[in-house]
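Just so it is clear, the structure is predicted and the values come from calculations on it, not from any experiment.
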Amino acid sequence: MAMQRPGFCPHAVYPGPDGTIQHAELTLGGGMIMLGSVRNDESARYTKQPDEIGGMETRERISGGSDADVVYNA
């Protein structure tokens, strides 16, 4: 499965049905992004696609670190 990525390196890629990507983790330098295909399952009830909400952008940001308490309390 070929992936087009500008400088990103695949850390983990989990294929989904019909040639989709269920979940992918891509690294760039010391950072990582996680991506996934739109799904029509239980998790979909927590998200909306732009065409469902007037074209507005949707995304989720998750931050991680070695000490979550320090990040939370900052």
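Across all non-hydrogen atoms, the minimal contact from H23 to E25 is NE2-OE2, 3.1 Å.
Take E42 and apply the salt bridge (Lys or Arg N to Asp or Glu O under 4.0 Å) test, not counting sequence neighbours, and it matches R45.
Of the possible polar contacts, none joining the S37 side chain to the T20 backbone as a donor-acceptor pair under 3.5 Å is found.
Counting only heavy atoms from C-beta outward, the side chains of F8 and T27 never approach each other to under 4.5 Å. By the 4.5 Å heavy-atom criterion applied to side chains, I21 and L35 are not counted as neighbours.
One finds the SG atom of C9 at 9.0 Å from the CG atom of L26 (value rounded to the nearest 0.5 Å). Interatomic distance, M34 CE to H11 NE2, rounded to the nearest 0.5 Å: 9.5 Å.
Applying the 6.0 Å contact sphere to CG of D18 captures no more than 12 heavy atoms from other residues, nucleotides or ligands.
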